[in-house]
Each structure stands twice: as C-alpha cells, then as structure tokens.
Amino acid sequence: MARRPRPNLFNRTKQLKANLTESDKVAKTLSGDKLTAYLTEQNQKNTDYAQKKWQTMNNSLIVHSNKLAPVTKSKLTFNK
C-alpha cells in the first residue's frame, strides 16, 4: 500500500506546482531577453521557497530526533 505524503509536504509540493503553472502562463506571453529574465527570476523564487521549507523541515527533524534520543557526552576514555 502506497504511503500518502504528509500534509506539510503535500502543501509544499502543491505550492510549487501552482507557482510553475502561473509561471508557464506568463512565460508563454514573453520572448527573448524578457523571457530569460522572467524565467531566471521565477526559478530563483521557487528555489528560495523550496530551500527555506527544506531548512525548516530539517531543523524540525533535528529537534524532534534529539527529543527522542538526546545527545550525551561520551564517557569513553583513552590511554594516555
């Protein structure tokens, strides 16, 4: 049975797809340097959005994993 994506991940994917759909509509009306500039700008916006969401998710994962298994100092000693 396939796992359903988590709601937060689904919302991020949905947002990126919506951004791409809108960008495609506008891009079809442009050409040349204006098209290149527009696509570069939209690509940067989507990249920034995805990176920010990934960092938030990654930070949350670290916090939650530390709650499950707290980091402790090693009690190992080495011969001097």
Side-chain angles (χ1 to χ4, degrees):
M1 183 154 117
R3 288 177 43 176
R4 294 181 65 202
R6 294 185 318 203
N8 289 340
L9 182 59
F10 178 75
N11 290 340
R12 290 179 197 124
T13 302
K14 187 176 176 181
Q15 181 62 49
L16 286 170
K17 285 182 180 180
N19 291 354
L20 290 173
T21 300
E22 184 61 29
S23 295
D24 284 349
K25 286 180 187 175
V26 174
K28 288 178 183 177
T29 67
L30 303 172
S31 63
D33 290 342
K34 287 183 179 183
L35 175 60
T36 301
Y38 177 76
L39 291 176
T40 300
E41 177 187 328
Q42 294 306 306
N43 184 50
Q44 188 62 53
K45 284 181 182 179
N46 284 327
T47 301
D48 291 345
Y49 173 81
Q51 185 174 16
K52 180 180 176 186
K53 294 298 180 181
W54 180 85
Q55 287 173 339
T56 301
M57 185 175 63
N58 194 41
N59 290 341
S60 177
L61 177 63
I62 291 168
V63 168
H64 292 300
S65 66
N66 283 336
K67 287 179 182 177
L68 295 174
V71 177
T72 59
K73 289 186 178 181
S74 174
K75 295 182 180 180
L76 296 176
T77 58
F78 298 95
N79 294 333
K80 294 182 180 182

Looking at every heavy atom in both [X] and [Y], which two are closest together, and how far apart are they?
{"X": "Leu39", "Y": "Ala27", "answer": "CD2-CB, 4.0 Å"}
{"X": "Lys34", "Y": "Leu30", "answer": "O-CD1, 4.0 Å"}
{"X": "Ala50", "Y": "Leu16", "answer": "CB-CD1, 4.4 Å"}

Inset, instruction - Flag yes if more than 12 heavy atoms outside Asp33 fall under 6.0 Å of its CG atom; otherwise flag no. - result: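 Count not over threshold, so no.
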Legend entry - Contact check, side chains of Lys53 and Met57, non-hydrogen atoms, under 4.5 Å: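 A side-chain contact under 4.5 Å is absent here.
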Legend entry - Student check: side-chain heavy atoms of Asp48 and Gln44 closer than 4.5 Å: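 Asp48 vs Gln44: side chains touch.
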Legend entry - Trace of the side chain to side chain donor-acceptor pair (under 3.5 Å) decision for Asn46 with Gln42: CA-CA 6 Å; Asn46 284 327; Gln42 294 306 306; 5.4 Å; no
Calculate, to the nearest 0.5 Å, the distance between atoms [atom1] and [atom2] belonging to [X] and [Y] respectively.
{"X": "Thr56", "Y": "Leu61", "atom1": "OG1", "atom2": "CG", "answer": "12.5 Å"}
{"X": "Asn43", "Y": "Tyr38", "atom1": "CG", "atom2": "OH", "answer": "11.5 Å"}
{"X": "Asn59", "Y": "His64", "atom1": "CG", "atom2": "NE2", "answer": "10.5 Å"}

Inset, instruction - Using the side chain to side chain donor-acceptor pair (under 3.5 Å) rule, pick out the option among Glu22, Lys17, Gln15 that qualifies with Asn19. - result: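 Of Glu22, Lys17, Gln15, side chain to side chain donor-acceptor pair (under 3.5 Å) with Asn19 is met by Gln15 alone.
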Legend entry - Side-chain donor/acceptor of Thr29 to backbone N/O of Lys25, under 3.5 Å: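 Such a contact is absent between Thr29 side chain and Lys25 backbone.
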Legend entry - Hydrophobic cluster membership, Leu20 vs Val26, 4.5 Å side-chain cutoff: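 Not linked; separate clusters.
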